[in-house]
Amino acid sequence: MRIATSCCVAVLALAAALSSGQAASTSHKAPKPHASKTQMAPPQVAATPPMGWNSWNYFFGKVTDKDIRDSADEIVSTGMKDAGYVYVNIDDTWQGERDANGVIHANGKFPDMKALADYVHSKGLKIGIYSGPGTKTCAGFEGSYGHEEQDAKTYAEWGMDYLKYDLCSFIPDVMQKQAPNDEAQQMRLMYQAYDKMAKALKATGRPIVLSLCQYGWDSPWEWAPALGGNLWRTTGDIEPQWDRIYTLLSQQAGLEKYAGPGHWNDPDMLEVGNGKLTLEENRSHFSMWAMLSAPLLAGNDLPHMKPEIKEILTHKDVIALDQDKLGRQASRVYSDGEVDVWLKHLSDGGKAIAVLNAGSDRVATHPFHLSLKKLGIAGPVKAKDLWTGQERELKDNMPILLHSHDILLVRIAGSAK
Ligand code: GLA
C-alpha cells in the first residue's frame, strides 16, 4: 500500500508538471478526438452512472480473491444489490507475470480469475478489473503496453464486465520518452493509447464498461467520449477527508454539459464509510455524488459496515437522483459565504436542490437564506426532504440552518413549476 501510494504521488506530480491545472493545458496543439453521430447512439453500457464497489479505497494493494468474494456476498446481503450496486471491481495489484506467449496471469492473491468472475456472476453481479496503457500500473504491477489486444481478450475470457484503465507509467515510459518537449505529440500518444484499448475491448464482442483514469488533466471530458470512454476521472485521487472531497466536488462545477447517458464525469470513487468522516460528511459526499450523476462506486469495508453507513449507501431516493434516466449532472447555481447551492434537472420534469454548508462553522454561515429566484423556481413550492423523508414547503428567501459539512437535499416533483 505504501509503495502504491508513493508511486502514484510521483506520477501525479509528473502529470501536474505536464499540465498546470485541471482544465488548463489548452496550449498544446494536438486536435482532440471528437464524437461522431454513430458514437452518440444509445449506449450499450452505462446508460446510467455505473454503480458498484471498488477495492482500492479500503484495501489498496492488499486486496485478495477472498475480499472480492466477501464484498460480493455483502453487496447481496446488505441490500446494496437491490439498491442498484452491480459492479464488483478489482483495482490495482492483481497482476502477476506474463507467460511465454505474453498472456497475463494473476498473482498469488488471485488464484483463479475465471472462477472468481463466475462466483461474482453467480450472485447476479458483474465484475471489473484494472490495468493501464503503460509498462507498469500505478502500484508498479504489469501494465498492458504492447499487449492491449491480448489483455482485452483475456479479460473477456475471464468474464470481465468493466475495465479501469489508468495512465500512470505511460507518462514517463512512453509520452516523455518518445516525445520529449513535444506536448502535442504526447497528447496524441495518450489518445492513441486509450483508443487502442477501447477498440481492443470492442473487438472482444463483450460489453465492457471502459473507465479512463488519467486524473482529469488535458480536459478528458472533451475527448474521452469520442474514444469510447464511458467515464473518465476529472480529478486526482480522492481521500477520506472533507477538504479533499470538497475540493474534488468544487472541480465539477462547469463540467455538467459533458455528462450524459453512456458517458460520465468521474470525480473518483466513494469514500463513504472510510477514514474519520462524520455522519454529516458521509451524507453530504454521497448526496453530492448523486447530484453530479457520478459513478457510485463504494469503497468501504463491506463486511464491517456500520448500519448508518449502510443506510446512506442504500438510500433509494438519493440513488434515484444519480440514476435518473435523463442523466443531467447538477450545476452549482450560486454560493453564499460557505454555502453552495446546486440544482439538478430530472426526467419527470422535477428538480433536486442541494444546499451544502461547506464551512467548518455553523455560525459563520447562519442565517443562510435560500434564494429560489436564483434557481429559477417560483415559490412557495412543496418538496420532499430526501434525508428525513418529510415534505416541506420551500419559500423564497427562507432561512436554512445547516450544521458544518451538512446538506439539505430536496426533490421537487415534476408537476411543480
Ligand atoms: C491511481 C488511481 C487510483 C488507484 C491507484 C492504484 O492512483 O487514481 O484510483 O487505481 O492508481 O494504484
Side-chain angles (χ1 to χ4, degrees), residues 1-19 22 50 52-64 67-68 71 87-96 104 106-107 109-110 127-145 151 155 160 162-173 190 193-194 197 209-218 220 224 229-241 244-245 247-248 251 264-272 274-275 285 289 294-300:
M1 164 179 158
R2 280 291 116 217
I3 297 169
T5 309
S6 53
C7 161
C8 298
V9 168
V11 171
L12 290 178
L14 210 50
L18 271 174
S19 169
Q22 181 208 19
W53 177 90
N54 173 292
S55 61
W56 187 254
N57 283 353
Y58 179 75
F59 289 104
F60 296 96
K62 286 189 260 174
V63 65
T64 64
D67 298 324
I68 299 298
S71 301
Y87 294 97
V88 186
N89 292 350
I90 309 165
D91 208 279
D92 207 349
T93 77
W94 62 266
Q95 306 86 339
I104 185 85
N107 60 39
K109 297 192 296 163
F110 291 88
I127 184 164
I129 199 153
Y130 166 102
S131 188
T135 53
K136 296 281 173 219
T137 66
C138 288
F141 286 68
E142 186 70 19
S144 291
Y145 186 66
D151 285 358
Y155 305 151
M160 294 296 158
Y162 188 114
L163 173 69
K164 174 172 166 185
Y165 208 47
D166 197 349
L167 196 63
C168 257
S169 77
F170 192 79
I171 303 169
D173 290 358
M190 180 177 67
Y194 279 111
M197 183 49 92
V209 173
L210 176 58
S211 158
L212 269 59
C213 182
Q214 51 79 276
Y215 337 110
W217 57 281
D218 191 48
N230 298 112
L231 55 151
W232 49 87
R233 281 273 295 278
T234 53
T235 67
D237 285 15
I238 197 167
E239 287 157 33
Q241 282 163 20
R244 184 66 185 149
I245 289 169
T247 300
L248 302 193
Q251 290 174 359
W264 308 101
N265 289 307
D266 174 12
D268 208 356
M269 305 168 296
L270 295 166
E271 290 284 13
V272 175
N274 284 340
H285 173 26
W289 262 232
L296 295 182
L297 295 172
N300 57 325

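Ligands are counted one by one from 1 in listed order, and the atoms in each one are counted from 1 as well. Position 1 is the first residue of the sequence; numbering continues from there.
Among Leu212, Asn230, Leu231, the one residue that satisfies the side-chain contact (heavy atoms from CB on, under 4.5 Å) test with Asp266 is Leu231.
Annotation: side chain to side chain donor-acceptor pair (under 3.5 Å) contacts of Asp268 (sequence neighbours excluded): Arg233. Under the rule for a side chain to side chain contact (heavy atoms under 4.5 Å, CB included), the partners of Lys136 that lie at least two apart in sequence or sit in another chain are Glu142, Ser169.
Asp91 approaches Asn54 most closely through the heavy-atom pair OD2-ND2, 3.0 Å.
In the candidate list Thr137, Asp268, Asp166, Asn54, Asp166 is nearest to atom 1 (C) of ligand 1, counting heavy atoms.
Atoms of ligand 1 lying under 4.0 Å from any heavy atom of Lys164, numbered from 1 in the order shown and given with element: 3 (C), 4 (C), 9 (O), 10 (O). Interface of Arg233 with ligand 1, defined as ligand atoms under 4.0 Å from a residue heavy atom, comprises 2 (C), 8 (O), 9 (O). Short contacts between ligand 1 and Cys213, defined as distances under 4.0 Å to a heavy atom of the residue, involve ligand atoms 2 (C), 8 (O). Listed by number with element, the atoms of ligand 1 under 4.0 Å from a non-hydrogen atom of Asp91 are 4 (C), 6 (C), 10 (O).
Within the 4.0 Å heavy-atom shell around ligand 1 one does not find Phe60.
Two residues are said to be in side-chain contact when any heavy atoms from C-beta on lie closer than 4.5 Å; Tyr215 and Thr235 fail this criterion. Residues Tyr155 and Ile127 form no side-chain contact, since every pair of their non-hydrogen atoms from C-beta on lies 4.5 Å or further apart.
Taking only nitrogen or oxygen atoms, main chain and side chain alike, Asp237 reaches within less than 3.5 Å of ligand 1.
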